[in-house]
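Every chain is numbered from 1 and lettered A, B, ... according to where its sequence line falls, protein lines coming before strand lines. These numbers come from the heavy atoms of this one structure, side chains and all, not from hydrogens, waters or symmetry mates.
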Amino acid sequence: MDTILRLNGITKKYKKATVVDSFSLTAKRGHICGLIGPNGAGKTTIMKIMAGLTLQTSGELEFFGNKDNLDEERKRMSFMIESPVIDPLMTARENMEYVRIVRGIADKSKTDEILKLVGLADTGKKIAKNFSLGMKQRLGIGMSLITSTEFMVLDEPVNGLDPEGIVEVRNLLKKLAEEQNVTILISSHLLSELSELCTDFTIINHGKLIESFSAEELMIKCKSRISIKTDDINKTAAILEDKLGISEYKVIHNDEIHLYEMLDKPETVSRTIFENGLNITKFVIEGESLEEYYLSKVGDVNE
Amino acid sequence: MNKLVKAEWYRLRKSGSFLFYTVLVCVLCVAVALLGNRKFFENDLSTNAFSVLFGVGSFMYPVFISTMLCVVASMGHHSKVAYYEIMDGNKTSHIILSKHIVYLPIVLCLFLIPMISLFGYTCVKNGSGELIDKPIWFFVLFAAIILRIVIGAINIAMVLKKLVTCAIFSYARMFVEMLAILPFQIIGETQKNSDILKIADFLKDVTISFQIENLTTNCNDTRFIVMVITSAVLEIVFGYCMAYRSYKKKKFN
């Protein structure tokens with residue numbers, strides 16, 4: 001079976017507020033899906049609905065092709081929703097052991113194996129209440145890894161981790177997807193990290209699906225441009241329109257022009273600007289990042 | 001369900017709060033018995049040890065026990081660790097029943113140990129006094145009341161979920177029950193209205209505190225037996241349904 005997750009028209013309302021509005025999403029086996037949105041967009045609510053912690057107002061969920069017995073399919077999934085769910089009065093080992101027992105895993109060596117994997121094997125008798133944010137995050141990730149899961153749902157798993165920790169988690173998740181065909185749904189505010197990690201992206205804002213696309217489609221969407229700075233941006237824009245007939249451009253913060261035409265003739269553009277008495281301080285051919293694409297999408301909707 | 005029982009027992013043992021509350025409750029139970037039942041320590045051989053043991057002072061035992069239980073059971077929700085049981089796709093009935101199975105034997109020991117210890121001490125000191133006729137019904141009704149207290153407290157914790165709310169509700173509940181009877185008692189006596197007095201008597205027959213107080217004197221009374229067992233069954237079933245419904249609504253934030 002190829003499609004692990006199917007969300008169809010999921011809506012969640014709290015009294016008068018619609019937190020999630022007809023949201024749909026699919027995830028295929030072995031893919032890493034990034035869920036991107038600003039704070040309050042509805043990402044965590046969607047993940048809670050998937051985890052069974054809250055019920056949708058309307059819409060359908062399907063896990064592993066099964067719509068009817070979602071609880072049974074949840075045994076094949078693991079979740080880390082919002083902040084890591086840990087008992088503050090227990091040690092790392094005890095928390096991990098608790099989850100091992102809840103999930104019915106007979107192999108006791110799994111506890112130490114996962115603690116070592118997430119770098120918490122040496123915490124000893126220190127209780128989780130005294131852990132740093134990064135340590136709690138590692139423990140939360142470890143607790144979601146302890147089962148041989150087929151589908152992981154991770155809500156901002158790298159939040160609070162140092163750069164080394166972020167790289168470790170990234171590599172670990174990539175390895176799980178590539179070697180064990182684990183499907184991962186991950187949300188994060190670190191778009192640079194998601195762009196390195198994910199095979200698919202979904203943008204959500206105000207509870208609504210804005211756009212879904214694959215990494216390949218993103219490369220096409222994040223089109224190249226010429227970034228130009230001169231000593232008079234408004235005059236530069238007028239010259240480009242007047243002399244070269246260019247219309248596809250944006251003025252950014254009143255001091256930079258992003259030009260989306262004549263990318264194959266940069267010398268013509270620079271010569272035209274120079275010949276009209278302007279000094280060029282920046283002239284670079286570059287591509288749009290996921291962050292810029294996301295901001296352009298979210299910004300468009302907010303307008 | 002086996003894994004849920006093991007997990008809950010593991011969490012109780014490892015999470016430091018349980019030991020603290022257990023010791024606290026035992027100390028409180030003994031303190032109340034010492035303060036409220038000084039006849040234990042008078043050298044009076046005619047004292048009915050059982051009836052004194054289950055006197056008004058022992059009303060505090062269920063208050064402390066149920067409050068402790070409620071708080072400990074709700075701590076799983078407070079730290080959200082209880083969410084793992086839900087996210088693992090366990091049946092709601094299994095989640096609820098696993099809690100009942102874990103806490104019931106613990107409370108039986110907690111409840112019985114101070115009481116049997118004190119009773120044993122007074123028997124040695126003062127003699128056993130008059131023994132009850134047909135002690136089997138005494139113990140059956142005692143078990144029914146304990147079940148009602150324990151399962152009621154667990155169900156309250158699973159409905160309310162918030163630690164402080166659970167503690168306040170559980171502690172206040174016994175007092176509110178007694179206070180609820182007062183208006184009927186007062187009005188019935190002042191107006192000499194037998195119907196209202198019957199309501200007051202009926203309410204007394206179904207409240208835990210009065211059932212404990214009257215356990216030794218009425219344990220052979222058929223009506224009392226029926227009331228204790230029926231009220232226990234009804235409260236257990238009602239509480240279970242409320243907990244089940246609360247979990248099914250899935251409002252875990």
Notebook entry, point to check: Which answer fits B/Lys248, side chain, backbone, both or neither, if we ask what part of it has an atom under 4.5 Å from a heavy atom of chain A?
Noted result: backbone
Next item on the list: Report the C-alpha distance between A/Val102 and B/Glu8 in whole Å, list the side-chain angles of each, state the deciding distance to 0.1 Å, and finish with yes or no for side-chain contact (heavy atoms from CB on, under 4.5 Å).
Entry: CA-CA 8 Å; A/Val102 165; B/Glu8 186 67 16; over 6 Å; no
Margin query: Could you tell me if the side chain of A/Tyr98 sits less than 4.5 Å from the side chain of B/Lys14, heavy atoms only?
Written below: no
Next item on the list: Any chance you could measure A/Arg74, atom CZ, to B/Asp88, atom CG, to the nearest 0.5 Å?
Entry: 10.5 Å
Notebook entry, point to check: If you draw a 6.0 Å radius around NZ in B/Lys250, do more than 12 non-hydrogen atoms from other residues or ligands fall strictly inside?
Noted result: yes
Notebook entry, point to check: Does the side chain of B/Tyr84 come within less than 4.5 Å of A/Met143's, by heavy atoms?
Noted result: yes
Note to self: Using heavy-atom distances under 4.5 Å, tell me whether B/Asn90 contacts chain A through its side chain, its backbone, both, or neither.
What the structure shows: both
Notebook entry, point to check: Counting only heavy atoms not in B/Phe184, do more than 12 fall under 6.0 Å of its CZ?
Noted result: no
Next item on the list: State the NZ-CD1 distance between B/Lys3 and A/Ile105, to the nearest 0.5 angstrom.
Entry: 9.0 Å
Margin query: Using heavy-atom distances under 4.5 Å, tell me whether A/Leu55 contacts chain B through its side chain, its backbone, both, or neither.
Written below: both
Next item on the list: Heavy-atom pairs under 4.5 Å with chain B are the metric here; pick the option from A/Lys75, A/Glu94, A/Glu72 that has the most.
Entry: A/Glu94
Checklist line | Which portion of A/Ile81 sits near chain B, non-hydrogen atoms under 4.5 angstrom | finding: side chain
Check: Taking everything shown except A/Lys174 itself, do over 12 heavy atoms lie less than 6.0 Å from its NZ?
Finding: yes
Check: What's the spacing between A/Leu53 CG and B/Lys80 NZ if we round to 0.5 Å?
Finding: 9.0 Å
Margin query: I need the minimum non-hydrogen distance between A/Asp87 and B/Val81, along with the two atoms involved.
Written below: N-CG2, 3.4 Å
Notebook entry, point to check: Non-hydrogen atoms of chain B under 4.5 Å away: do they reach the side chain of A/Val99, the backbone, both or neither?
Noted result: side chain
Item checked: chain B interface, residue from A/Met77, A/Glu97, A/Arg100 that has the most non-hydrogen pairs under 4.5 Å -> A/Glu97
Checklist line | Audit row: B/Arg11, A/Met90, side-chain contact (heavy atoms from CB on, under 4.5 Å) steps and yes/no | finding: CA-CA 8 Å; B/Arg11 188 183 69 80; A/Met90 295 204 285; 4.3 Å; yes
Notebook entry, point to check: Quick check: are there more than 12 heavy atoms from other residues, nucleotides or ligands sitting under 6.0 Å from CG of A/Asp107?
Noted result: yes
Item checked: Separation of A/Ile101 CD1 from B/Leu4 CG (nearest 0.5 Å) -> 11.0 Å
